[in-house]
Peer 1: 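Okay, handing you the structure first.
We count ligands from 1, going down the list as the structure has it; atoms in each ligand are counted the same way. Just so you know, these numbers come straight off a predicted model, no measurement behind them.
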Amino acid sequence: MDQTKNILTLVRDLFDVKEDFIPLHVPYLNGNEKNYLNECIDSTFVSSVGKFVNLFEDKIAEYTKANHAIVCVNGTNALHLSLLLVGVEKGDEVITQPLTFIATTNSITYANATPVFVDVDKDTMGMSPKSLIEFLEENAELRDGVCYNKITKNRIKACMPMHTFGHACRIEEIVDVCKKYNIELVEDAAEAMGSIYKGKHLGTFGRISAISFNGNKIMTTGGGGIILTNDNKLAAKAKHLSTQSKVPHKWEYVHDDIGFNYRMPNINAALGLAQLENLDFFLENKRKLAKEYSTFFKNSSVDFFEERESEQCNFWLNAIILNNKEERDSFLEESNKKGIMTRPIWQLMNKLPMYKDNFKGDLTNSEWLEERVVNIPSSVRALK
Ligand SMILES: *Cc1c(COP(=O)(O)O)cnc(C)c1O
């Protein structure tokens, strides 16, 4: 198809690399990474105690303007811990979106709760407040201020929307719905480091949120994640639970809860600190790439996924919307064969064997996007 050929030529031009293969997203490690890692090794503080860990937390809190930031070993366990912290218990239901990476859904299962699915908006790829309201009006009831699913009889304890590829979902409306039904809001902001919506960093709208610093995200600690919250008590409890719930003592091993070994090591935080110093450069660089993609796709029958008004997206992964599944499949086939890495959006969670029988609302938009959305190369481009 001519159109595919034009897109592939564009990608090659934009990245202007000699290698045959253009990856979807690779980390950019040209700042203080080596300096800080060396410092870390020289200090012998390579594990979860060390200056970089605390410094990284402070700097992320400062950047996101969250009152507290608590590091974790990865984004998945940051989500798991967040759910426990807001009081999700065995037998509860957590409302989430079916169009997401598996970790969102699995973190709910790790908390011994059941994910239930409501639809996303087509223009955000994130949870639709309208679908959420419709779902709750149809299936939920409040008894003594506690929200229950009338059909399954389970308590609906929390709601976990996700900001897909760094694009904000309609989070303010979701905040309002959750308040009305007394449901805790946990934002999966794993993909949203650096994304601003209405002047606020994503992940600071709900009671608690998690960001991921996996190697494929906009900035990386190798592996890592962080919890953001403005709640002092939750923050203290997060730190406690993530460090085996050890009670400070001069020598005794005293633990007062079933905690976790979830705290990020100093080595990873050292890497993260260096990455954070370059985050604004990454954002500028990626937003420029997105603009170039956007200009090209304006004259094409393929849609580029734009940011909405009042949004300053990190454009972690650029996304295009093909016209149907056949077009999508042939584009994926052709681009990957030609050495340009492209990937479809995730298969819907409710179609996976583990989650196929879970309670769900109407998922028309999720299905529509699942068949059409493809990510195209999005790495930070080296300065010439
Ligand atoms: C990456 C990601 C996670 C998990 O983060 P890890 O650090 O890889 O554990 C969770 N949710 C979403 C939506 C993600 O993209």
Peer 1: Less than 4.5 Å apart, any side-chain heavy atom of T164 and any of W346?
Peer 2: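 T164 reaches W346 side chain to side chain.
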
Peer 1: Looking only at the aromatic ring of each residue, does the gap between the centers of F315 and Y293 stay below 6.0 angstrom?
Peer 2: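 No, they do not, as the ring centres are separated by 6.0 Å or more.
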
Peer 1: Once you measure the plane-to-plane angle for H80 and F260, does it fall in the parallel (<30°), tilted (30-60°) or perpendicular (>60°) bin?
Peer 2: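 Perpendicular: the ring planes of H80 and F260 meet at over 60°.
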
Peer 1: Quick one about D256 and S245 (side-chain donor to acceptor, distance below 3.5 Å, no hydrogens or angles considered), yes or no?
Peer 2: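 No, no side-chain donor-acceptor contact under 3.5 Å.
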
Peer 1: Mind checking what makes side-chain hydrogen bond (donor to acceptor under 3.5 Å, both in side chains) contact with D58, not counting sequence neighbours?
Peer 2: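 For D58, no residue satisfies side-chain hydrogen bond (donor to acceptor under 3.5 Å, both in side chains) once neighbours in sequence are set aside.
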
Peer 1: For ligand 1, give me the residues whose heavy-atom distance to it is below 4.0 Å, by chain and number please.
Peer 2: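 Residue list for ligand 1: N74, G75, T76, L79, T100, F101, A103, T104, M162, D188, A190, E191, S212, N214, K217, G224.
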
Peer 1: Take the angle between the ring planes of Y36 and F52 and call it parallel below 30°, perpendicular above 60°, tilted in between.
Peer 2: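 Y36 vs F52 ring planes: tilted.
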
